[in-house]
Number of protein chains: 2
Amino acid sequence: MATIQDVARAAGVSTATVSRVFSAPELVIETTRQRVMAVVAQLGYEPNFAAKSLRTLRTEKILVTVPDISNPFFSQVIRGVEEAALAAGYSVLLGDTRHEEAREEQYAAMFRRKEADGLIFLGHRLPEALADMVASKGARTPIVNGCEFRPGLAVSSAHIDNEGAAAEVMEHLYGLGHARIGVVTGPLASPISSDRLSGVLSAAQRHGRASALRISIGDFSIESGVRQAGELLDELGRPTAIFCFSDEMAMGALEAIRRRGLSCPKDVSLVGFDDIRFARHLDPQLTTVSQPMEEIGHEVVRLLLDILSGRATTLQNVTLPHELVVRASTAPPAV
Amino acid sequence: MATIQDVARAAGVSTATVSRVFSAPELVIETTRQRVMAVVAQLGYEPNFAAKSLRTLRTEKILVTVPDISNPFFSQVIRGVEEAALAAGYSVLLGDTRHEEAREEQYAAMFRRKEADGLIFLGHRLPEALADMVASKGARTPIVNGCEFRPGLAVSSAHIDNEGAAAEVMEHLYGLGHARIGVVTGPLASPISSDRLSGVLSAAQRHGRASALRISIGDFSIESGVRQAGELLDELGRPTAIFCFSDEMAMGALEAIRRRGLSCPKDVSLVGFDDIRFARHLDPQLTTVSQPMEEIGHEVVRLLLDILSGRATTLQNVTLPHELVVRASTAPPAV
DNA sequence: GTTATCGATGATTTCGATTACATCAGAGCG
DNA sequence: CGCTCTGATGTAATCGAAATCATCGATAAC
């Protein structure tokens, strides 16, 4: 592949001029520029990325780590990230951590090696290898979190009000007349689950129904929905409504309901979380909390670009709007 | 961030020795190695990636372009790619082309700039910007296709036998006694759809049922499933079975069936394609063709690594096994 | 008419690592 | 005892582009 030297030689100019044609064309006179461009087209020249990157100390890449790319919620967020990044001239390095710390650290090392200008992590844990960087550079560290806000995290983030959203779900169910409610959470290590659980508990207390709550811990997968919701349904004093912390688990719960010969929403109301594309196409259409997934993606990129450009000097925690979408899977309990 | 010079100075050795500690430790005597490593740990040194890449002309990155990352089929394939790549010491640069040629070309330019050692594309179109590279380097071009095999493509690929799989689906339906069958394809520009359609047509001809086929062209989305299947259901002489070229469209078709007060499989049998995670959790559980998505991901990476290592000298087109998974959504037609 | 200014371009250093080649001390050998 | 060989390490060229500084001719200002 042709180098800048080849182009310079063939066009009868210096490498500096060729470089300027690309990065500061207004400094080059039109005739020279055209002569250079003609040679560029003819040789199929593209500036070598590594050389450029070494000189400028920039990669124009954003590393995005995600606990599970095959989860439709995350893949929608990533779509938003990719879109906003590309629009700003950045490309996306993807890391699927599979919820494994070792992989998180592996990607953190990549970031330290400067393989990317910034890091967006959609998990809940800041890799150890980056702790010193955050400690020394503070709010100017080009690291942003998506979805999993935690006060002590010391990086900017974009997310919804998980606690408030979960409380709204409970208000909706209590409003319909449900008293015994089952909840299938995700792993409580992550704020995404613990915040929602707080919202659930405070709403229950407000209604004096805390003792009628049944909490079961899932892992956001369909299978865990089947299992955990199944256990709740098999208890004495079966809940009349189940709230799952993800649509996928709700999908599993729906299956558990059907398997027991029960019907949703006649026997059991069901609420999910996220509003992935499939939620509105289930039978019954699923009541859920809609998260602005692509917008979260846009927003984390915006936060990161602010840091990279030196605009941001303080931490920002952006709360984006969510919406309780009431569909056919919730109804008053049977009398 | 510390450079190799800083480490060399602090450890009282040359930069060559520091470099060797990382890339050829057996050449460095143990005591020296430990002294260097101590300094490395203390300074938190990581080799700068751009410098290394410039010198070695390798990036240890694979660029993967995909028509739609939020499609669960593709996100599973990507998962497989990411896994195999990481195991081989490569990381994944993700490009979501959104079915737009302009974005495909944009990512092709990235590849030309050597931002990645290899390219895996899951769409059906080889970007124009890469045609000359394929033409001049032939089978040694580090470009591989996934899923969309087409004889003239001139790059290696991994995929299933789409034509055979579609024919099997039709045999299954004819075997159950269906005569009037509706088919919802994807865009026919891609081999993935046109090959399946060939399979459908040849099976129909074998059974003398070609004239009873109804073909409708969708775009793989849920919404197009609702729409195209809906149109088929509204025709005179309603089909007793519908075969959709993706599970998502089948999900839409299921909705169209229900909206008309019909029942699956009693009134209409339904078959999807891909066997995404959701397929077995729908009601009724969906009959579909299972594709080994993660394995396709592994395989395209293997093909690419073969090229990068110089092992591969001829094109390889790998056909991976698929499987017709018969579940509850198909049954004999009502009499 | 001389000098400051400016626009276009060239020469050269620089980014941080890798690596071919050079060096040097000590072991082994005749 | 001197020579070669080998293992450990140092020296310096190199990768390809960007950016600083230098140059040079032309124009404008006084």
Side-chain angles (χ1 to χ4, degrees), chain A residues 1-41 43-61 89 109-117 308, chain B residues 1-40 43-61 89 109-117:
Chain A
M1 188 111 321
T3 73
I4 199 170
Q5 334 274 353
D6 300 332
V7 175
R9 203 174 315 119
V13 296
S14 71
T15 62
T17 299
V18 177
S19 177
R20 277 189 284 255
V21 165
F22 285 91
S23 51
E26 70 280 6
L27 296 182
V28 181
I29 207 166
E30 182 62 15
T31 56
T32 313
R33 204 184 64 77
Q34 289 187 352
R35 189 151 38 96
V36 171
M37 286 311 289
V39 174
V40 165
L43 298 181
Y45 168 75
E46 290 272 356
N48 178 294
F49 169 74
K52 175 176 183 166
S53 174
L54 174 58
R55 192 60 238 264
T56 60
L57 301 179
R58 301 181 59 238
T59 63
E60 279 153 9
K61 284 186 178 45
M110 268 182 62
F111 180 59
R112 289 188 63 104
R113 256 177 267 131
K114 297 221 197 334
E115 298 197 37
D117 296 337
L308 289 174
Chain B
M1 189 112 318
T3 72
I4 199 170
Q5 333 275 350
D6 301 332
V7 175
R9 203 174 316 119
V13 297
S14 71
T15 60
T17 300
V18 178
S19 175
R20 279 188 282 254
V21 165
F22 285 91
S23 51
E26 71 280 5
L27 296 181
V28 180
I29 206 166
E30 182 62 15
T31 57
T32 314
R33 202 184 65 77
Q34 288 187 355
R35 191 151 37 95
V36 171
M37 286 311 288
V39 175
V40 165
L43 298 182
Y45 167 76
E46 290 272 357
N48 178 294
F49 169 74
K52 176 175 184 166
S53 174
L54 174 58
R55 191 62 238 261
T56 60
L57 300 179
R58 300 181 60 238
T59 63
E60 279 152 10
K61 283 183 180 45
M110 271 182 61
F111 180 58
R112 288 189 63 105
R113 257 177 267 132
K114 297 220 195 341
E115 298 196 37
D117 296 336

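Order of the sequence lines sets the chain letters (A, B, ...), proteins ahead of strands, with each chain counted from 1. Only a predicted model underlies this, so the values are computations on that prediction, with no experimental measurement involved.
- Contacts of B/K114 classified as salt bridge (Lys or Arg N to Asp or Glu O under 4.0 Å), with partners at least two apart in sequence or in another chain: none.
- The NZ atom of B/K61 sits 3.5 Å away from atom CD of A/E115, with the distance rounded to the nearest 0.5 Å.
- Remark: B/K52 is not positioned above the aromatic ring of B/F22, lacking an NZ or CZ atom under 6.0 angstrom from the ring centre and at most 45 degrees off the axis.
- Distance CD (A/Q34) to C1' (C/dA8): 16 Å, rounded to an integer number of Å.
- Counting only heavy atoms from C-beta outward, the side chains of B/T17 and B/V28 approach each other to under 4.5 Å.
- Taken from CG in B/L54 to CZ in A/F49, the straight-line distance is 11.5 Å, to the nearest 0.5 Å.
- At distances below 3.5 Å, at least one donor-acceptor pair connects side-chain atoms of B/R35 with backbone N or O atoms of B/A11.
- Each of B/V18, B/V7, B/V13 was checked for a side chain to side chain contact (heavy atoms under 4.5 Å, CB included) with B/V39, and the lone residue meeting it is B/V7.
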Does the protein touch nucleotides 9-16 of chain C at the base, only the backbone, or not at all? Give it as B, S and - per nucleotide, heavy atoms under 4.0 Å. BBBB-BBB
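- Here OG of A/S14 is found 10.5 Å from CD of A/Q5. Values are rounded to the nearest 0.5 Å.
- Once you apply a 4.0 Å limit to the heavy atoms of chain B, the touched nucleotides of DNA chain D run 5' to 3' over D/dA8 to D/dG16.
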